[in-house]
Amino acid sequence: MHRSHHCAQLTKSDLGATVSLLGWVDSIRDHGGIIFVDLRDRKGITQVKFDSSLREQAAHLKDESVIGISGKVEVRPADMVNKNLPTGEVEVDATELEVHNISDTPPFPLDDAGGDKVNEDLRLTYRYLDLRRPKMRKNLLVRHKATKSIRDYFDGQEFIEVETPALFKSTPEGAREYLVPSRIHPGQFYALSQSPQQFKQILMVAGVEKYFQIARCFRDEDLRADRQMEFTQVDVEASFVTREDIYALFEGMLKKLWQDVLGTDIQTPFLRLAFQDAMNRFGVDKPDMRFGLELADFTETFRTSGFKVFASTATSGGAVKALNAKGLADLTQGEIAKLEETAKSLGAKGLAFIKVEGGEWKSPIVKFFSAAEKAALTERLGIAEGDMVFFAAAPWEKACAILGRIRLEAAQLLVKRGKLTIRPDDWKFLWVIDFPLMSYDEERGAYAATHHPFTAPVPEDAALLNSDPKKVRGQHYDVVLNGMELGGGSIRIHQPALQKKVFEDVLKIPADVVESRFGYLLKAFTYGAPPHGGIAFGLDRMVALLCGTTSIRDVIAFPKTQKGQDLMAQSPTPVTPKQLKELHIATVMPE
RNA sequence: GGGGUGGUAGCUCAGUUGGUUAGAGCGUCUGCCUGUCACGCAGAAGGUCGCGAGUUCGAGUCUCGUCCAUCCCGCCA
């Protein structure tokens with residue numbers, strides 16, 4: 001039997017036509033003398049009626065069985081129309097039934113409401129059933145539309161998609177890599193590419209000028225809701241571009257993407273925020289701009305304070321920051337304790353606060369504050385009845401990070417109380433710029449690249465590379481949406497001498513190591529490397545946002561669990577001694 | 001590597017201070033039913049309380065260990 005229509009197609013205009021449909025049994029309603037079957041395919045649902053000799057056969061169907069039917073399109077009685085279905089005005093009176101496969105009873109409900117509540121390990125074990133749910137089907141479709149939109153956009157801008165190898169060489173300074181043993185070269189390994197970074201720069205040297213790729217990347221780091229061991233990056237690089245060119249290019253892509261997938265017009269150009277300002281005002285380098293609750297700095301106010309905890313932090317180079325969670329004075333003991341725990345997990349000794357209730361500042365620390373200090377707080381934080389003010393005193397970056405996190409949790413608590421609305425479809429895009437090129441790695445006792453070692457310094461800061469590396473800003477940019485880092489990129493170093501200097505003099509990588517790891521790149525740069533820059537962003541995260549979900553597992557057809565297992569196919573698995581021998585590998589099990 | 005939450009019927013969950021035969025809804029099965037669309041009605045089956053120790057006269061409940069899922073920290077140039 002061949003299908004003449006899909007299951008979202010039939011309307012009153014098809015009345016009287018003989019049609020055939022193929023699909024899955026979505027539900028059966030057996031009334032004895034008459035049986036209704038909702039037949040589902042990837043397009044929708046059509047009601048099929050069995051009241052003829054086929055009734056007996058239809059009674060033996062089970063949900064999720066695959067059948068084909070043919071019959072005549074009939075109009076439903078007026079009061080039997082199902083307004084929830086596009087095909088709800090009609091039904092098919094079956095005259096033929098072909099049963100392809102009777103399904104076993106599914107291990108969990110396949111409707112959206114029921115399926116959402118099911119434990120994820122069960123959904124992953126039976127992923128092929130999970131993907132039958134309308135929501136998951138929609139997510140796959142959104143992902144397809146998104147990748148198509150992106151490809152169309154870059155094609156329209158005359159970018160070409162070039163594939164780069166997944167099997168690359170090991171470069172241990174970045175993320176931990178997946179190693180692939182070489183059979184032909186005993187004892188040697190490839191690494192699965194963490195990103196096409198070096199290849200795309202080589203492509204610029206090759207004169208491609210405008211490159212993009214929807215590339216699979218691999219990182220052997222611990223998994224999260226927004227991190228999988230293999231994930232997809234949209235990778236872009238162009239020659240003869242400035243930061244402004246990249247901003248405009250990428251904003252154009254996002255504008256088209258949001259239009260194509262959601263039909264939403266997003267505002268461009270995006271807001272821009274320097275890293276310093278992002279940290280100072282929001283306590284994080286990827287601020288959620290959908291609400292205020294900004295941090296304020298009181299380091300100077302408390303430098304000579306009678307409250308020794310704040311004063312000593314201020315005089316020893318740290319920062320005293322405060323945040324007014326407006327209207328949150330009704331926090332419960334438990335909620336305060338939880339916030340305190342959050343602060344402690346980020347290295348705070350405690351979480352000082354002032355609760356403004358009944359015209360009074362209720363706080364264990366306020367008795368140490370002078371009148372001038374109180375006045376400064378009131379004025380700059382706009383403290384009023386019903387407010388809750390939190391403090392952090394620590395080294396600058398830590399103080400920011402602590403209150404940045406408290407800001408997010410306070411916002412959630414305000415949402416819970418109906419005092420704040422944060423809409424998931426309120427798209428607040430943002431460029432974060434002027435990151436420091438280097439940061440000092442205490443553990444290694446050396447500078448490390450904040451982004452990656454190929455990022456070019458801001459020209460006017462380049463002179464500081466020798467004298468004060470941490471003051472040098474990089475030509476790096478991150479694009480942030482609603483508190484999530486979508487991606488980032490930079491203008492690259494294209495002069496071999498400068499690149500070598502960064503590797504050897506600033507990052508202190510020994511010359512022979514630089515040569516063995518990056519020699520080919522430096523060599524390529526000596527043959528006429530154009531100035532170039534680009535950006536890369538996580539497709540999975542972007543699609544998750546477009547689908548309104550927080551877990552990228554919901555937009556990946558076959559994701560792995562947090563322990564890196566595929567519960568359906570059951571990987572990883574041990575391999576045979578023969579395989580290992582062929583690869584010159586011996587395994588050593590942990591104790 | 002560390003912290004939080006969870007694991008009881010096929011699914012989602014309840015289970016009081018440690019105490020009789022571990023419950024509910026949905027699903028499944030059987031029967032009835034010609035207008036349902038979350039069909040309805042009547043009935044039934046279904047349990048290694050994640051696993052392993054321990055405490056106790058007695059453990060789903062308390063303790064320790066362990067496994068799995070998930071969220072977070074570290075990590076992710």
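Here is the naming used below: chain letters follow the sequence lines, and residue numbers restart at 1 for every chain.
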Inset, instruction - Could you pull out all residues at least two apart from A:Arg224 that satisfy salt bridge (charged side-chain N to carboxylate O under 4.0 Å, His left out)? - result: none

Legend entry - Contacts of type salt bridge (charged side-chain N to carboxylate O under 4.0 Å, His left out), residue A:Arg176, not counting sequence neighbours: A:Glu221

Inset, instruction - May I have all residue pairs that pass side-chain hydrogen bond (donor to acceptor under 3.5 Å, both in side chains) and include part of residues 76-88 of chain A, sequence neighbours excluded? - result: none

Show me the protein contacts with nucleotides 1-5 of chain B, counting only N or O atoms at under 3.5 Å.
from : atom 1 : to       : atom 2 : distance (Å)
B:G1 : O6     : A:Asp222 : OD2    : 3.3

Using a cut-off of strictly less than 4.0 Å between a heavy atom of the residue and any atom of RNA chain B, enumerate the qualifying residues of [range] by number.
| range | value |
| --- | --- |
| residues 481-501 of chain A | none |
| residues 189-202 of chain A | A:Ser195, A:Gln197 |
| residues 394-409 of chain A | A:Arg405 |

Inset, instruction - Take the angle between the ring planes of A:Phe250 and A:Phe537 and call it parallel below 30°, perpendicular above 60°, tilted in between. - result: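 Because their plane-to-plane angle is over 60°, the rings of A:Phe250 and A:Phe537 count as perpendicular.
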
Legend entry - Basic-acidic side-chain contact under 4.0 Å: A:Asp235, A:Lys200: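 A salt bridge links A:Asp235 with A:Lys200.
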
Legend entry - Opposite nucleotide pairing with B:G52, Watson-Crick or G-U, both atom distances under 3.5 Å: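 When the pairing criteria are applied, B:C64 turns out to be the nucleotide that pairs with B:G52.
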
Legend entry - Pairing partner of B:U16 (Watson-Crick or G-U wobble, both distances under 3.5 Å):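 Partner of B:U16: none found under 3.5 Å.
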
Between atom [atom1] in [X] and atom [atom2] in [N], what is the gap in whole Å?
| X | N | atom1 | atom2 | value |
| --- | --- | --- | --- | --- |
| A:Asp226 | B:C72 | CG | C1' | 11 Å |
| A:Arg29 | B:U36 | CZ | P | 10 Å |
| A:Asp130 | B:C11 | CG | P | 14 Å |
| A:Lys117 | B:A38 | NZ | P | 17 Å |

Inset, instruction - With RNA chain B as reference, determine whether A:Arg227 or A:Lys49 sits nearer its 5' end, using the nearest nucleotide of each. - result: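 Checking each residue's closest nucleotide, the 5'-ward one belongs to A:Lys49.
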
Inset, instruction - Using a heavy-atom cut-off of under 4.0 Å over every strand shown, decide if A:Asp79 touches base, sugar-phosphate, or nothing. - result: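 The answer is nothing, as A:Asp79 stays clear of every strand by at least 4.0 Å.
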
Inset, instruction - Check every strand shown and say whether A:Leu122 touches a base, only sugar-phosphate, or nothing at a heavy-atom separation below 4.0 Å. - result: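 Sugar-phosphate contact only.
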
Inset, instruction - Output the single nucleotide from B:G35, B:C11, B:C33 whose closest atom is nearest the side chain of A:Glu91. - result: B:G35

Inset, instruction - Would you indicate whether the side-chain heavy atoms of A:Glu230 and A:Cys217 approach each other to under 4.5 Å? - result: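 Of all side-chain heavy-atom pairs linking A:Glu230 with A:Cys217, none is under 4.5 Å.
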
Restricting to nitrogen or oxygen on both sides, can you table the protein-nucleotides 66-69 of chain B pairs closer than 3.5 Å?
from  : atom 1 : to       : atom 2 : distance (Å)
B:A69 : OP1    : A:Thr561 : OG1    : 2.9
B:A69 : OP1    : A:Gln565 : OE1    : 3.4

Legend entry - Sequence neighbours excluded - ring-ring contact (aromatic ring centres under 6.0 Å, His included) pairs with any residue from residues 33-78 of chain A: A:His31-A:Phe36

Legend entry - Donor + acceptor pair across side chains of A:Ser439, A:Lys470 (<3.5 Å): no

Tell me which donor-acceptor pairs under 3.5 Å the side chains of residues 403-414 of chain A have, and how far apart each pair is, sequence neighbours excluded?
from     : atom 1 : to       : atom 2 : distance (Å)
A:Arg407 : NE     : A:Gly292 : O      : 2.9
A:Arg407 : NE     : A:Leu293 : O      : 3.2
A:Arg407 : NH2    : A:Asp288 : O      : 2.9
A:Arg407 : NH2    : A:Phe291 : O      : 2.9
A:Arg407 : NH2    : A:Gly292 : O      : 3.0
A:Glu409 : OE1    : A:Thr342 : OG1    : 3.2
A:Glu409 : OE2    : A:Thr342 : OG1    : 3.1

Legend entry - Base-contact (B) and sugar-phosphate-only (S) positions in nucleotides 23-28 of chain B, heavy-atom cut-off under 4.0 Å, - elsewhere: -----S

I'd like a table of donor-acceptor pairs (distance under 3.5 Å, sequence neighbours excluded) in which one partner is a side-chain atom from residues 471-479 of chain A, with atom names and distances.
from     : atom 1 : to       : atom 2 : distance (Å)
A:Lys471 : NZ     : A:Asp468 : OD2    : 3.2
A:Arg473 : NE     : A:Asp461 : OD2    : 2.7
A:Arg473 : NH2    : A:Asp461 : OD1    : 3.3
A:Arg473 : NH2    : A:Asp461 : OD2    : 3.4
A:Gln475 : OE1    : A:Arg243 : NE     : 3.4
A:Gln475 : NE2    : A:Pro457 : O      : 3.2
A:His476 : ND1    : A:Gly489 : O      : 2.6
A:His476 : NE2    : A:Asp478 : OD1    : 3.0
A:Tyr477 : OH     : A:Ser490 : N      : 3.3
A:Tyr477 : OH     : A:Ser490 : O      : 3.2
A:Tyr477 : OH     : A:Gly534 : O      : 2.8

